[in-house]
Enquirer: 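Below are the structure tokens for one structure; questions will follow.
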There are 2 protein chains.
Amino acid sequence: MALKHSKQRDLIKEFLMTRKDHPTADVVYMNVRQQNPNISLGTVYRNLTLLADIGEIARLRLGDGVDHFDADTSPHYHFVCTHCGSVIDLEMDDISEIVAQAGANFDGHIEGHVTYFYGSCSDCKKKELSS
Amino acid sequence: MALKHSKQRDLIKEFLMTRKDHPTADVVYMNVRQQNPNISLGTVYRNLTLLADIGEIARLRLGDGVDHFDADTSPHYHFVCTHCGSVIDLEMDDISEIVAQAGANFDGHIEGHVTYFYGSCSDCKKKELSS
DNA sequence: ATAAAATCAGTAATAGTTCTTAGTTTTAAA
DNA sequence: TTTAAAACTAAGAACTATTACTGATTTTAT
């Protein structure tokens with residue numbers, strides 16, 4: 001299982017670090033191909049999964065049926081626009097105290113929570129108003 | 001678009017109301033077939049989607065790649081066991097004040113939030129301890 | 001240098017869900 | 001109560017995102 005270096009994995013990680021918009025595997029693939037046209041989609045998926053498993057990136061599941069990836073692994077929350085699908089970081093305080101609330105009347109062990117917010121992003125909100 | 005009655009839809013809704021474990025489309029299909037062996041999986045999917053769209057049931061996306069359905073549409077939170085995959089209702093107060101927190105430094109419009117918790121359910125917790 | 005292990009590209013396979021088609025029910029109105 | 005339009009159905013094809021398999025290639029510890 002010893003991890004070996006791979007140019008493909010470096011490329012994927014480097015690309016992801018340049019982006020703040022939480023791209024999907026397919027978007028990563030299309031972009032990374034511009035540097036390495038021979039890279040395969042399977043390699044992109046495998047490495048995204050591997051990087052997520054070792055904690056170097058985060059996998060986001062936002063209910064749209066597609067996994068998004070984020071090079072920013074610090075705890076933070078996301079907003080999903082239900083009109084254009086864009087995913088945006090939110091500036092807000094940590095709310096993980098809700099885990100204690102959830103555990104108060106629960107017999108199992110709660111390890112964590114998944115929270116994201118949805119609505120209209122700034123751009124889509126403007127378009128709605130002007131129509 | 002006027003909704004017409006359908007025996008299949010009734011059957012699906014009735015089945016879902018008997019369950020508190022948030023079954024998937026496939027589980028609904030397998031069970032509903034015992035009453036109507038000719039029902040098709042597509043019909044189950046179509047009606048679950050329709051019922052969710054008109055608000056009679058809730059569609060839950062819990063990050064496991066499968067949609068779960070819930071006849072209880074009142075606002076409440078869910079726990080997902082990462083070991084056995086079971087989905088359990090949590091008894092806890094409403095936490096939708098987090099929406100205001102999230103909107104404080106955000107330029108768009110936040111309509112709602114998705115939150116669920118994960119960890120080990122009561123049964124799986126016991127099994128871990130005894131191993 | 002070399003060889004075991006990890007990785008790769010390419011492609012087939014899978015899972016969950018939606019779409020298409022041709023025929024069947026439902027329902028409002030004649 | 002016929003009737004005909006609209007909604008609905010079963011069956012299965014198609015689609016999307018993802019994972020698994022293959023034999024060849026790269027990495028790295030010796």
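Below, chain A is the first sequence line, B the second, and so on; all start at residue 1.
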Enquirer: Starting from P on D/dA10, measure out to CG on B/L11 and report it in whole angstrom.
Expert: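 That distance rounds to 10 Å.
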Enquirer: Compare side-chain N and O positions of A/Q8 against OP1 and OP2 of C/dA9 and report whether any pair is under 4.0 Å apart.
Expert: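 Result: yes.
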Enquirer: State, without any angle test, whether B/S120 and B/H83 hold a side-chain donor-acceptor pair at a distance under 3.5 Å.
Expert: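 Looking only at side-chain atoms, B/H83 and B/S120 do form a donor-acceptor pair, the distance falling under 3.5 Å.
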Enquirer: Mapping A/K7 and B/T43 to their closest nucleotides on DNA chain D, which lands nearer the 5' end?
Expert: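 With A/K7 and B/T43 compared, the 5'-side residue is B/T43.
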Enquirer: For B/Y77 and B/Y116, I'd like to know if the aromatic rings sit close, meaning centre-to-centre distance below 6.0 Å.
Expert: no
Enquirer: Please give, in whole Å, the distance from C/dA9 P to A/Y29 OH?
Expert: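 Checked: the OH to P distance equals 9 Å.
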Enquirer: Taking the six-membered ring for Trp, are B/H78 and B/H22 parallel (under 30°), tilted (30 to 60°) or perpendicular (over 60°)?
Expert: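 Aromatic pair B/H78/B/H22 classed perpendicular.
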Enquirer: Think B/N47 has a side-chain N or O under 4.0 angstrom from the OP1 or OP2 of D/dT9?
Expert: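 Indeed, a polar side-chain atom of B/N47 lies that close.
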Enquirer: Between B/R33 (CZ) and D/dA10 (P), how many Å, whole number?
Expert: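 Rounded to the whole Å, the gap is 11 Å.
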Enquirer: What is the distance, to the nearest angstrom, from the CG atom on B/N38 to the P atom on D/dC8?
Expert: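 Nearest whole value for this atom pair: 19 Å.
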Enquirer: For B/H68 versus B/D64, what's the shortest heavy-atom pair and its separation?
Expert: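 Looks like NE2-OD2, 2.9 Å.
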Enquirer: Where each residue is assigned the nucleotide of DNA chain C containing its nearest heavy atom, which of A/L50 and A/P37 is assigned the position nearer the 5′ end?
Expert: A/L50
Enquirer: Below 4.0 angstrom from OP1 or OP2 of D/dT27, is there any side-chain N or O of A/S6?
Expert: no
Enquirer: Do the charged groups of A/D67 and A/R61 touch, with an N to O distance under 4.0 Å?
Expert: yes
Enquirer: Measuring to OP1 and OP2 of D/dT9, would you say a side-chain N or O of B/S40 lies under 4.0 angstrom away?
Expert: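 For D/dT9, neither OP1 nor OP2 has a side-chain N or O of B/S40 closer than 4.0 Å.
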Enquirer: Counting primed atoms plus P, OP1 and OP2 as sugar-phosphate and everything else as base, spell out the protein contacts along nucleotides 13-20 of chain C at 4.0 Å heavy-atom distance: B, S or - for each nucleotide, 5' to 3'.
Expert: ---SBB--
Enquirer: Over how many whole Å does the gap from A/D10 atom CG to C/dC8 atom C1' extend?
Expert: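 Those two atoms, CG and C1', are 14 Å apart.
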Enquirer: How many angstroms lie between atom OH of A/Y45 and atom CG of A/D26, to the nearest 0.5 angstrom?
Expert: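 Going from the OH atom of A/Y45 to the CG atom of A/D26 covers 6.5 Å.
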Enquirer: Could you tell me whether the phosphate oxygens of D/dA5, OP1 or OP2, come under 4.0 Å of any side-chain nitrogen or oxygen in B/K4?
Expert: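 No, B/K4 has no side-chain N/O under 4.0 Å of OP1/OP2 on D/dA5.
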Enquirer: Figure out the CG/C1' separation between B/D64 and D/dT19, and round it to whole Å.
Expert: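 The answer, rounded to whole Å, is 16 Å.
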Enquirer: Using the rule that Ile, Leu, Val, Met, Phe, Trp and Tyr join whenever any side-chain heavy atoms are under 4.5 Å apart, tell me whether B/F117 and B/V87 fall into a single cluster.
Expert: no
